[in-house]
Amino acid sequence: MSHDVTEKTSVKEDVEASVGENLEQEKTKKKKSPAKKSIKKSSSKSDFSNMFWGLGGDIVETGIYPLDLILGGGYERGDVIEITGDSLTGKTTVVLEMCAKEHKRGKRIAYLDIENGVKQGILDNLGIPLNAVGANAEENSFFMASPQNFKELEEVMIHLLRECSNPFDIIVLDSLSNVKQFSENLVVDSKDIGLRARQEALYFSIFNSDFKRSKTTCLIINQMRTKLTGSGRFMKASEDSTGGRASKHNYDIRIMMEKRTLLKRKEDTLSTVLKEDEESTPFGCVSKIYTTKNRNTRPLIPLNIFVIFGKGSSNVLFMDEVLQKFKFYTVKQGGWWSFEN
């Protein structure tokens, strides 16, 4: 009996001792731990510079006078710029001229020629040295490739923007409307327009931040399409560039080029016509150029730009230079008007 009492007493003493130790430890912790209001937070947790693209201000001049005027001086590194319009408005020539001027400044260009329409003669006319052109993204300062669908385009873009040790200053897509949809299950005659629009929107959502982070400007040439809305006598046609709304929201600048006059050569005569003429060959155009969107500055008034296909844009004195060498004909209301020196 006495043995049981002694054992219970020792157990009670052990419990009280352990409880006392725990209480002392808790008091010590409270003394050592600083008050919540005095805890110093790490400054790195408040730094989100990896998500801050800056306020801009470093304007890059294109060197093409009317284009710089409507852009308010130029564009910013990292801008995604769409140049759209009908055929024979000089889109590719203007973009190539921008690239040529930047290449002369020592910048690296990646030209994704989906249409495979840029040849040696054009590059030579614009002053781009042919020994700088090639398909090696690390070595060639004027890289060229022709991805045909969104899978191939994604492969090229991932390398150019994320893997290439020698980054590019400008990436051109010529033209986005010719990039084909991609699916392992589709066959040649598949016409899933919705799939193409979704893939284009996905492309922008993936790479838009890469352009900003790397300060790589993306120039996107696009085509116009006619869209019918309404029905019956209320049906109307409107023109806009290809692609869904998601892609258009991601453009920093949208540039439109509208055909005003087509320049054609026929024998010893230089003619400007407002309609197609199968007997003469177009060699240039006068286009109206304007912006429908510009996040960097307010869009300015439209201007005319004179373009010689494959050679670049000309200044406003171009027509005077032409008149000195050729008979000049223009189509006006009432028939042909002729001018001679």
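Below, all heavy atoms of this structure are taken into account, side chains as well, without hydrogens, waters or symmetry copies. Fair warning: this is a prediction, and the values are worked out from it, not measured in the lab.
Taking every heavy atom of both residues into account, I220 and C218 meet most closely at CG1-SG, 3.7 Å. When all heavy atoms of C285 and F309 are compared, the closest pair comes out as SG-CE2, 3.8 Å. Heavy atoms only, all atoms of each residue included: I308 and T93 are closest at O-CG2, 3.5 Å. Taking each heavy atom of K104 and G127 in turn, the nearest pair found is CE-O, 3.9 Å. Counting all heavy atoms, side chain and backbone alike, K311 lies closest to L126 at O-CD2, 3.4 Å.
When only modelled atom types and interatomic distance are considered, Y75 and N296 share no side-chain donor-acceptor pair under 3.5 Å. Residues T217 and D79 have side chains that never bring a donor and an acceptor to within less than 3.5 angstrom of each other. For the residue pair T84 and Q223, no side-chain donor N or O sits within less than 3.5 Å of a side-chain acceptor on the partner. For the residue pair S287 and E258, no side-chain donor N or O sits within less than 3.5 Å of a side-chain acceptor on the partner. In this structure, a donor-acceptor pair under 3.5 Å is absent between the side chains of S146 and D113. Counting only N and O atoms by type, the side chains of E138 and S165 include a donor and acceptor under 3.5 Å apart.
Residue E61 qualifies as open at atom CD: its count of foreign heavy atoms under 6.0 Å is 12 or below. The number of heavy-atom neighbours closer than 6.0 Å to CD of E163, taken from other residues, nucleotides and ligands shown, is above 12.
Between H103 and S141, some side-chain heavy-atom pair lies under the 4.5 Å cut-off. Looking at L96 and Y111, their side chains come closer than 4.5 Å, going by heavy atoms from C-beta outward. At a threshold of 4.5 Å between non-hydrogen side-chain atoms, the residues P302 and I289 do not count as touching. Residues P282 and L262 form a side-chain contact, since some pair of their non-hydrogen atoms from C-beta on lies under 4.5 Å apart. Inter-residue side-chain proximity for I171 and L160 is flagged as met; some heavy-atom pair is nearer than 4.5 Å. Counting only heavy atoms from C-beta outward, the side chains of V94 and M257 approach each other to under 4.5 Å. Side chains of K288 and L303 form no contact here, defined as non-hydrogen atoms less than 4.5 Å apart. Proximity of P129 to F142: side-chain heavy atoms (C-beta onward) are nowhere separated by under 4.5 Å.
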message: Could you go through E154 and Y203, starting from their C-alpha distance and side-chain angles, then the distance that decides it, and tell me whether this counts as side chain to side chain contact (heavy atoms under 4.5 Å, CB included)?
response: CA-CA 7 Å; E154 183 181 6; Y203 160 80; over 6 Å; no

field: Trace of the side chain to side chain contact (heavy atoms under 4.5 Å, CB included) decision for D174 with V95
entry: CA-CA 9 Å; D174 184 8; V95 168; over 6 Å; no

task: With side chain to side chain contact (heavy atoms under 4.5 Å, CB included) as the test, would you mind laying out the steps for V60 and K107 before giving the verdict?
output: CA-CA 12 Å; V60 180; K107 305 299 182 181; over 6 Å; no

- request: Test I170 against V172 for side chain to side chain contact (heavy atoms under 4.5 Å, CB included), laying out the working first.
  value: CA-CA 7 Å; I170 291 180; V172 178; 3.8 Å; yes

Worked check of side chain to side chain donor-acceptor pair (under 3.5 Å) between S175 and N222: CA-CA 5 Å; S175 67; N222 218 342; 5.7 Å; no

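Taking CZ of F207 as the start and CE of M157 as the end, the distance is 6.0 Å to the nearest 0.5 Å. A distance of 12.5 Å separates CD1 of I255 from NZ of K91, quoted to the nearest 0.5 Å. Atom NZ of K180 sits about 12.0 Å away from atom CG of L153, to the nearest 0.5 Å. Distance check, rounded to the nearest 0.5 Å: CZ of R77 to CG of D58 gives 9.5 Å. Interatomic distance, CD1 of I253 versus OG1 of T291, reported as 8.0 Å (0.5 Å rounding). In this structure, CD1 in I305 is found 4.5 Å from OG in S313, a value given to the nearest 0.5 Å.
In this structure a side-chain-to-backbone donor-acceptor pair under 3.5 Å is present from Q148 to I114. No donor-acceptor pair under 3.5 Å is formed between the side chain of N140 and the backbone N or O of F143. A distance-only check finds a donor-acceptor pair linking the side chain of D68 to the backbone of T62 [under 3.5 Å].
Linking Ile, Leu, Val, Met, Phe, Trp and Tyr residues whenever their side-chain heavy atoms come within less than 4.5 Å places F150 and I206 in a single cluster. Tracing side-chain contacts under 4.5 Å through hydrophobic residues (I, L, V, M, F, W, Y), one never reaches I158 starting from F182; they form parts of separate clusters. Linking Ile, Leu, Val, Met, Phe, Trp and Tyr whenever their side-chain heavy atoms come within less than 4.5 Å leaves I59 and Y65 in two separate clusters. Residues I301 and L67 do not share a hydrophobic cluster, defined by chaining ILVMFWY side chains whose heavy atoms lie under 4.5 Å apart. When hydrophobic clusters are built by joining Ile, Leu, Val, Met, Phe, Trp and Tyr residues whose side-chain heavy atoms come closer than 4.5 Å, directly or via intermediates, L176 is grouped together with V156.
A salt bridge links K212 to D252: one of the charged nitrogens lies within less than 4.0 Å of a carboxylate oxygen. Ionic pairing of D169 and R108 is not present here: no N-O contact between side-chain nitrogen and carboxylate oxygen is shorter than 4.0 angstrom. Taking 4.0 Å as the cut-off between side-chain N and carboxylate O, R105 and E102 count as a salt-bridged pair. Of the charged side-chain nitrogens involved, at least one lies within less than 4.0 Å of a carboxylate oxygen, so that D210 and R162 count as a salt-bridged pair.
Within the hydrophobic cluster formed by Ile, Leu, Val, Met, Phe, Trp and Tyr side chains joined at under 4.5 Å, directly or through other members, F52 is accompanied by L55.
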